[in-house]
2 protein chains.
Amino acid sequence: MASETAKESHGSAHRRPIVRAFELLGQRWTLRILWELRDERLTFRALRARCGEVSPTVLNRRLKELRANAILDHDEAGYGLTECGQELGRHLLALNDWARRWAEQLGTDREA
Amino acid sequence: MASETAKESHGSAHRRPIVRAFELLGQRWTLRILWELRDERLTFRALRARCGEVSPTVLNRRLKELRANAILDHDEAGYGLTECGQELGRHLLALNDWARRWAEQLGTDREA
DNA sequence: TTATCATGCTACTAATTGTGTAGCGTCAAG
DNA sequence: CTTGACGCTACACAATTAGTAGCATGATAA
């Protein structure tokens with residue numbers, strides 16, 4: 001069970017997909033960006049507005065990275081999820097249900 | 001379909017749960033920590049080793065935050081997921097499948 | 001033509017956050 | 001009483017993000 005430990009050289013190339021995914025998604029704004037694009041294309045500025053006027057510096061950096069990873073693409077209509085990105089989007093949608101229950105639980109814990 | 005737009009006052013208190021979740025999960029190491037704890041309890045030091053010797057400063061900060069949000073708890077056996085955290089863990093497991101397909105696709109795209 | 005406006009995006013500084021290493025206080029074992 | 005592991009803090013340095021200004025481009029309109 002601990003046989004994986006050896007593989008865990010934190011080089012860069014052959015890191016497990018899930019870990020690479022976490023590195024990508026675990027950056028500020030990445031999840032939010034995907035969420036806002038979950039069912040519509042948005043222009044740079046519209047997307048920025050949805051994210052509470054994030055710094056364009058970061059937004060652009062994320063967008064580039066996400067495009068490089070084939071999760072987003074860009075056309076005249078703006079930014080949007082690729083097919084692969086949409087699959088990811090569906091997972092986020094599932095997370096939404098979890099989040100609601102989570103928030104509810106936290107709320108009741110604290111009010112009582 | 002765009003009827004949600006109005007709700008998007010980016011105040012702070014009544015932010016949608018999913019957005020709060022993204023703020024929490026979208027911090028460096030948070031997803032990874034949850035992943036490493038997905039099916040076993042780990043001590044601080046063991047967990048740190050699993051995460052490639054993250055700085056204990058950040059690790060401890062995340063652990064505190066996650067505990068404050070009832071996603072983790074801590075006992076003599078170390079850190080582990082709460083019931084709520086385990087549900088989240090299951091979502092991450094699902095993400096694992098996505099990540100594999102994603103990596104595969106990226107790989108073939110580039111080799112060709 | 002010139003003015004207006006929105007678009008995507010870059011530049012630059014300040015503030016926040018993360019990294020890396022050392023090490024403290026506590027405990028159990030030798 | 002040394003040794004080692006534990007959870008964790010301190011602190012200086014590096015990297016990332018925030019916040020704002022503004023440019024180049026293209027469309028619209030006077």
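No experiment lies behind these values; they were computed from the predicted model shown. Convention: sequence-line order gives letters A, B, ...; per-chain numbering from 1.
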Show the atom names and distances, to 0.1 Å, of all donor-acceptor pairs under 3.5 Å that link a side chain in residues 84-100 of chain B to residues at least two apart or in another chain.
unit_1, atom_1, unit_2, atom_2, d
E87(B), OE1, R101(A), NH1, 2.3
D97(B), OD1, R100(B), NH2, 3.2
W98(B), NE1, C84(A), O, 3.2

Next on the checklist: Tell me whether the side-chain N/O atoms of N60(B) come closer than 4.0 Å to OP1 or OP2 in dG7(D).
Outcome noted: no
Checklist entry - Got a salt bridge between R41(B) and E76(B), using NZ or NE/NH1/NH2 to carboxylate O under 4.0 Å? => result no
Checklist entry - Could you write nucleotides 19-30 of chain C as a row of B, S and -, 5' to 3', where a protein heavy atom under 4.0 Å of any base atom gives B, of only sugar-phosphate atoms gives S, and otherwise -? => result BBB---------
Next on the checklist: Using the rule side chain to side chain contact (heavy atoms under 4.5 Å, CB included), only one of L72(B), L81(B), T82(B) pairs with L66(B); which is it?
Outcome noted: L72(B)
Checklist entry - salt bridge (Lys or Arg N to Asp or Glu O under 4.0 Å) between E36(A) and R48(A): does it pass, once the steps are laid out? => result CA-CA 10 Å; E36(A) 298 298 343; R48(A) 188 175 171 226; over 6 Å; no
Checklist entry - Side chains of L37(B) and Y79(B): closer than 4.5 Å at any heavy-atom pair? => result yes
Item to check | Length of the CG-C1' vector between L63(A) and dC9(C), whole Å | outcome: 11 Å
Checklist entry - Which whole-number value in Å describes the distance from L42(B) CG to dC6(D) C1'? => result 14 Å
Next on the checklist: Using five base pairs at each end to define the local axes, how bent is the helix from dT1(C)-dA30(D) to dG30(C)-dC1(D), to the nearest 10°?
Outcome noted: 10°
Next on the checklist: One pair to check against salt bridge (Lys or Arg N to Asp or Glu O under 4.0 Å): E53(B) and R45(B). What are the steps and the verdict?
Outcome noted: CA-CA 9 Å; E53(B) 303 297 335; R45(B) 279 163 121 109; over 6 Å; no
Item to check | Spacing of F44(A) atom CZ relative to dT10(C) atom C1', expressed in whole Å | outcome: 10 Å
Item to check | Between dA15(D) (P) and E23(A) (CD): distance, integer Å | outcome: 17 Å
Item to check | Length of the line joining L47(B):CG and dC6(D):C1', which is rounded to integer Å | outcome: 14 Å
Checklist entry - With respect to the phosphate group of dC9(C), does any side-chain polar atom (N or O) of Y79(A) fall under 4.0 Å of OP1 or OP2? => result yes
Checklist outcome for this item: Atom CG of D73(A) and atom C1' of dG8(C) are separated, to the nearest Å, by 16 Å
Checklist entry - Could you give the CD-to-P distance, from Q27(A) to dG18(C), as a whole number of Å? => result 12 Å
Item to check | W29(B) side, atom CH2; L47(B) side, atom CG - distance, nearest 0.5 Å | outcome: 10.0 Å
Next on the checklist: OP1 or OP2 of dG8(C) versus the side-chain N and O atoms of K64(A): is any pair under 4.0 Å?
Outcome noted: no
Checklist entry - Rounded to whole angstroms, how far apart are CG on L59(B) and C1' on dC8(D)? => result 10 Å
Checklist entry - If we only count heavy atoms from C-beta on, is the W102(B) to L24(A) side-chain gap below 4.5 Å? => result yes
Next on the checklist: I'd like to check L42(A) versus E40(A) (side-chain heavy atoms, cut-off strictly below 4.5 Å). Are they in contact?
Outcome noted: yes
